[in-house]
Amino acid sequence: MGHVEIPDTDLSGPVGLRGAPRPRTAASRNRTAALEQLWRAPTAQRDPAGRAPSRRKPAPGPALAALTDLLGLAGPAWLLLRAGDQPRPMAAAAVAGLVWAGLRGVRGRYTDRPGTGPGGALGSVGDWLVLIGLLAVLHTAADAPVDPATAVVAVTPGLLIATAVAGVRRWQRSGRRGHRARRVLLVGEASAVGRAAELLNSRTDHDYRLVAAIPVGTARLELDGVQVPGRLAGCPADDDVSTVLGGVYAHAADLVLVAPGPQLTGDRLRRLGWGLHDGGVALCVVSELPGVAAERVRPVTAAGLTLLHIAPPLRGGPQTVLKNVLDRTGALVGLLALTPLLLAVALSVGLSSRGPVFHRQVRQGQHNRPFTMWKFRTMVADAEHLKARLAASNEADGPLFKMRGDPRVTPVGRLLRRTSIDELPQLVNVLLGQMSLVGPRPPLPEEASRYDEREHRRLTVKPGLTGLWQVSGRSDLSWQETVSLDLWYVDNWSVAADMGLLARTVRAVADGRGAY
């Protein structure tokens, strides 16, 4: 039976009726009046006349931010290109400014929508790296006479200005709203509600805070720390909307998240949506599409149905070509820029312990093709022979071998592993096209031989120097968590996402957690 528990009132028992809609009675009208009084309580923040809150007019902030980014990059770029005696500095600066503002707009930097990718300084750095790649492509295609090194220096002030502007906008938004978190009331069958609540509460990288749940049907719902103010009947009832709205206003929720199921679908969900929208409450429906990025989903309507078209993962086309160009260009630039560091590390490895400076190891690459991966040696020379003796101390599940305080690691190797400097020679593998800057880690042949069909999908793309595993916990992740992250990347990668991951890798490496 659908009902909502109302504190500090003289009502008792369930509110509403079980089953199909019935004629209104005096008792039901009295209960409805009591609910309306509750909905007008201060916690509901409802208009005294019962009207839904009016929508805010869009602020001019996004347009102003885009104009600031354009001028903030084009202005200094023009001055620096002109000072460097570069040809047509005005045209080059204008093109760079337009590409910069357009790129930031496409990546959602001028909207308040959640989930548009990494924001703040990291987001600006990622955008700037994408800009460098796009300008390099344009420079090559147009055979422009501008010196590439001068061009990179010229567009650097634009990154600093964009980061400052983004910080000011975030400060202004926080002053207007206090925080971005949405207070969520979850509605659905007990199993679906429990699953959605577990996922929402297990992560903190989203803007949804679960404050209450209303199950559908008689199944028992057990959620730690989540209030259950009411319950909907197993079949449509005339109190569905009043029960949900009562829970919304009792817990000051501003979003109802519905997990559809056999008892909550079709016309019943449609009527619930009518009531929530009439009451000024936002509605969101959970989709059973695990591991699919929002950018790949396109909703369409046909014959009164809402259809979700899922774009296939990227396996070719312009983005793949651009990724290959950026990979090899980035690897070449990285090797040239890091030559002094690489020489110093090689000298320290050679002097600190016996054995070769580099450790070469056969790994499985794209489509399970083997290749030789390079890295600085961080263990004693006979580490592979000692591995069998340490098998009982393996701390990783699945086919991996991980061990904190591994006795085979040298003192210098421990430092190199913590900072991930030992992986830098893999830039050679990237330059040769065997690896990518971003992707799943390449497994050993013995590990890949134990993969099941799901795990084998990790080898669909090139392995990477860094990836989601690097910015999400590294060796602290369980095997299944690592596989889930890699599979998400395999299905949803894009050049823009790669740039964001490269920017986040800097923070992960500086933090050092999970590296051993």
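FYI, the numbering just counts along the sequence from 1.
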What's the spacing between Arg363 CZ and Leu459 CG if we round to 0.5 Å? 12.0 Å

Is it the case that more than 12 heavy atoms not belonging to Arg220 sit under 6.0 Å from its CZ atom? no

Has the side chain of Ser420 got a donor or acceptor atom that lies under 3.5 Å from a matching backbone atom of Leu416? no

CG (Leu326) and CG (Asp498) are apart, to the nearest 0.5 Å, by 8.5 Å

If I compare all heavy atoms of Leu129 with all of Met499, which pair ends up nearest, and what's the gap? CB-SD, 3.8 Å

Option from Val187, Leu186, Val286, Val258 for which side-chain contact (heavy atoms from CB on, under 4.5 Å) with Val193 holds: Leu186

Ignoring hydrogens and geometry beyond distance, is a side-chain donor-acceptor pair present between Arg458 and Gln364 at under 3.5 Å? no

Side-chain donor-acceptor contact under 3.5 Å, Arg377 with Ser353: yes

For the side chain of Arg441 and the backbone of Gly464, is there at least one donor-acceptor N/O pair under 3.5 Å apart? yes

Between atom OG1 of Thr339 and atom CG of Leu335, what is the distance when rounded to the nearest 0.5 Å? 7.0 Å

Checking the side chain of Glu295 only, and the main-chain atoms of Ala293 only, is there a donor and an acceptor separated by less than 3.5 Å? no

Any donor-acceptor pair under 3.5 Å from Thr265 side chain to Pro262 backbone: no

Distance from Thr466 atom OG1 to Leu501 atom CG, nearest 0.5 Å? 7.0 Å

Taking the side chain as every heavy atom from C-beta outward, state whether Leu80 and Thr150 have any pair of such atoms under 4.5 Å apart. no

Report the C-alpha distance between Trp128 and Val152 in whole Å, list the side-chain angles of each, state the deciding distance to 0.1 Å, and finish with yes or no for side chain to side chain contact (heavy atoms under 4.5 Å, CB included). CA-CA 10 Å; Trp128 189 78; Val152 171; 4.0 Å; yes

Are more than 12 heavy atoms, taken from residues, nucleotides or ligands other than Arg354, located less than 6.0 Å from that residue's CZ atom? no

Quick one: does any side-chain atom of Glu455 pair with a main-chain N or O of Asp452 as donor and acceptor, under 3.5 Å? yes

First locate atom CH2 of Trp100, then atom CG of Asp69, and finally report the distance between them rounded to the nearest 0.5 Å. 6.5 Å

Residue from Arg417, Arg414, His359 passing side chain to side chain donor-acceptor pair (under 3.5 Å) with Thr378: Arg417

Asp486 vs Leu468, test: side chain to side chain contact (heavy atoms under 4.5 Å, CB included). Steps then yes/no. CA-CA 7 Å; Asp486 285 343; Leu468 276 172; 5.5 Å; no

For atom CZ of Arg88, is the number of surrounding heavy atoms from other residues, nucleotides or ligands below 6.0 Å larger than 12? no

Lys375 and Asp422 ion-paired at < 4.0 Å: yes

Does the Arg296 side chain pair with the main chain of Ile310, one donor and one acceptor, at a distance under 3.5 Å? no

Are Met435 and Lys462 packed together at the side-chain level, in the sense that at least one heavy-atom pair is separated by less than 4.5 angstrom? no

Please report the shortest heavy-atom distance between Ser352 and Val349, naming the atom on each side. OG-O, 3.2 Å

Looking at Val285 and Pro260, what are the two nearest heavy atoms and their distance? CG1-CG, 3.4 Å

Trace of the side chain to side chain contact (heavy atoms under 4.5 Å, CB included) decision for Val292 with Asp491: CA-CA 7 Å; Val292 178; Asp491 288 340; over 6 Å; no

Is there side-chain contact between Ser484 and Arg454, with heavy atoms separated by less than 4.5 Å? yes

Does Leu314 form a side chain to side chain contact (heavy atoms under 4.5 Å, CB included) with Val461? I'd like the steps, not just the answer. CA-CA 10 Å; Leu314 291 172; Val461 299; over 6 Å; no

Phe376 vs Phe358 aromatic rings, parallel, tilted or perpendicular, using cut-offs 30° and 60°? parallel

So, does Thr419 use its side chain to make a donor-acceptor pair with the main chain of Leu415 at under 3.5 Å? yes

Could you tell me which non-hydrogen atom of Gly467 sits nearest to which non-hydrogen atom of Val438, and how far apart they are? CA-CG1, 4.2 Å

Work out which heavy atom in Asn429 is nearest to a heavy atom in Gln434; give both atom names and the distance. ND2-OE1, 2.7 Å

So how far is it from Leu160 CG to Leu73 CG, rounded to the nearest 0.5 Å? 10.5 Å

Verdict with supporting geometry, Gln319 and Trp493, side-chain hydrogen bond (donor to acceptor under 3.5 Å, both in side chains): CA-CA 10 Å; Gln319 288 222 50; Trp493 78 268; over 6 Å; no

Heavy-atom closest contact (Ser436 atom, Asp327 atom, distance): OG-OD2, 2.8 Å

